Amino acid sequence: MPLPKAELHLHIEGTLEPELAFELAVRNGVELPYADTEALREAYRFEDLQSFLNLYYELMAVLRTERDFEDLANAYLARAAAQGVRHAEIFFDPQAHLARGVDMGTVVDGLWRALGVSEDAHGVSTRLILCFLRDESAESALRTLDAAKPYLDRITGIGLDSAEVGHPPAKFREVYEAAAALGLRRVAHAGEEGPPQYITEALDVLGVERVDHGLRCMEDPALVERLVRERIPLTLCPLSNVRLRTVDVLAEHPLPAMLDAGLVCTVNSDDPAYFGGYAGDNFDAVRTSLGLGEERLRELARNSFVASFLEDDEERRARYLAEVDAYTF
Ligand code: ADE
Ligand code: ZN
């Protein structure tokens, strides 16, 4: 039995496996510029975040109907459950779909057909987090939040993703304020490719409660001290960091140093179909390549539930934490 864990950094569009991409392409009459799944997998050699994002947005063309989003989410939840994920807080990128003529209702209703029954179907509780694309305008983010208003009963929070450098968090001050006023939780990608200053800005200007990635905080000791003091969780994605070349090889990932510094680290998969593994695969990889012992792995699993947006269900959080504490490796 795998270690129970929560996944807090997972882009549902990044769970689109080549096999499902081709199945949906056929179903929807969409032509993909790849001969087969093998040719598509060949394209999974990334130079940096942008080279990945180009393919990530290209493949979304196959996602058109509620059923497509339902199938995508169900495939992820089944794989996650098999790797010990008990709770998943799932990102989605509505602007990438709206731009293709797929409306907010199709995306949210489709995802919810899977998420709404996930506890019974997969044994995984879920939350949904709407992400804004930071390389789009602040006005577009505000329009997107507006389009999401009829669906807020199913949306727990907002996030910020896509190309980081040149798009600092402060650009999105207004939409984060509006989201906070609506009672939405706030997270943002910061310090993946962008500088430590973006992490500080995400905290101070956007009021985020967790930082997605946050890897580059290690360049700024005062920032590390603050993140430790304020118990701000970081949602790290080790296999993603290697594939997008923010870290040369997994054996050099700063996760052990980050844990030693007292940071509240969690381990997640980001875009598992593209980066070579789901949540459990990321745990296995850091155990093997970084030599993390059982107590470190238990700490990571505990952190994932502590950092979850489960304030509306503390009983559940306590149950999950008890499962982690009782786990025998
Ligand atoms: N969108 C999907 N995956 C992402 C990542 N790792 N960083 C930024 N935006 C993303
Ligand atoms: Zn991400």
Side-chain angles (χ1 to χ4, degrees), residues 6-17 21 43-61 63 69 72-73 76 80 88-99 107 111 127-136 140-141 144 157-169 171-172 186-195 198-199 201-202 206 208 210-217 233-247 250 253 265-279 281-282 304 307:
E7 172 134 84
L8 306 180
H9 186 155
L10 181 281
H11 303 265
I12 196 65
E13 297 89 347
T15 69
L16 181 59
E17 294 283 346
Y44 289 12
R45 292 203 192 113
F46 309 115
E47 303 296 317
D48 55 15
L49 175 58
Q50 188 60 57
S51 65
F52 154 69
L53 290 170
N54 295 341
L55 181 63
Y56 171 80
Y57 292 125
E58 181 184 35
L59 278 196
M60 283 183 203
L63 296 165
F69 286 95
L72 180 70
Y76 162 68
E89 303 196 347
I90 296 175
F91 295 145
F92 70 112
D93 282 333
Q95 283 157 296
H97 308 304
L98 292 165
V107 181
L111 291 174
R127 298 286 185 274
L128 203 48
I129 297 179
L130 181 160
C131 282
F132 301 112
L133 303 182
R134 67 200 310 153
D135 43 359
E136 298 289 330
S140 172
T144 305
I158 58 159
L160 188 63
D161 63 4
S162 202
E164 185 181 8
V165 175
H167 302 284
K171 178 177 164 187
F172 297 95
R186 288 165 287 170
V187 300
H189 284 51
E192 180 186 20
E193 284 190 346
Y198 283 18
I199 301 173
E201 223 177 89
L206 304 185
V208 301
R210 296 195 299 244
V211 175
D212 295 315
H213 293 296
L215 200 67
R216 289 190 59 191
C217 73
L234 306 179
T235 63
L236 300 172
C237 307
L239 289 176
S240 164
N241 297 150
V242 175
R243 290 297 182 99
L244 299 186
R245 306 196 185 188
T246 40
V247 171
L250 197 53
H253 197 282
C265 298
T266 65
V267 164
N268 308 271
S269 67
D270 207 2
D271 301 282
Y274 295 90
F275 300 150
Y278 287 75
D281 299 316
N282 274 270
S304 72

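Counting starts at 1 for both ligands and their atoms, in listed order. Since the structure is predicted, the reported quantities are computational estimates derived from the model, not experimental observations. The figures that follow rest on heavy atoms only: side chains count, while hydrogens, waters and symmetry mates do not.
When distances to the Zn ion (ligand 2) are checked against a cut-off of 2.8 Å, His213 contributes no N, O or S atom below that limit. Residue Cys237 does not count as close to the Zn ion (ligand 2), with no N, O or S atom under 2.8 Å.
Checked by atom type, the side-chain pair Ser51/Asn54 shows no donor-acceptor distance below 3.5 Å.
Taking the Zn ion (ligand 2) as the apex, the angle formed with NE2 of His11 and NE2 of His9 is 110°, to the nearest 10 degrees.
If you look at His213 and Tyr198, their ring centroids are not closer than 6.0 Å. Between Phe92 and His97, the ring centre distance reaches or exceeds 6.0 Å.
Considering just the N/O/S atoms of Asp270, the one nearest the Zn ion (ligand 2) carries the name OD1.
The immediate protein surroundings of ligand 1, defined as residues with any heavy atom under 4.0 Å of it, consist of His11, Leu49, Phe52, Leu53, Tyr56, Asp161, Ser162, His189, Glu192, His213, Asp270, Asp271.
Using bins of under 30°, 30° to 60° and over 60° for the plane-to-plane angle, the ring pair Tyr56/Phe52 lands in the tilted bin.
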### Message
Before you tell me yes or no, could you show the steps for Phe46 and Arg245 under side chain to side chain contact (heavy atoms under 4.5 Å, CB included), namely the whole-Å CA-CA distance, both residues' side-chain angles and the distance that decides it to 0.1 Å?
### Response
CA-CA 8 Å; Phe46 309 115; Arg245 306 196 185 188; over 6 Å; no

### Task
Determine, stepwise, if the pair Asp281 / Ser269 fulfils side chain to side chain contact (heavy atoms under 4.5 Å, CB included).
CA-CA 8 Å; Asp281 299 316; Ser269 67; over 6 Å; no

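For Arg134, there are no salt bridge (Lys or Arg N to Asp or Glu O under 4.0 Å) partners two or more places apart in sequence or in a different chain.
Looking at Arg216 and Glu164, no side-chain N of the basic residue comes within less than 4.0 Å of a carboxylate O on the acidic one, giving no salt bridge.
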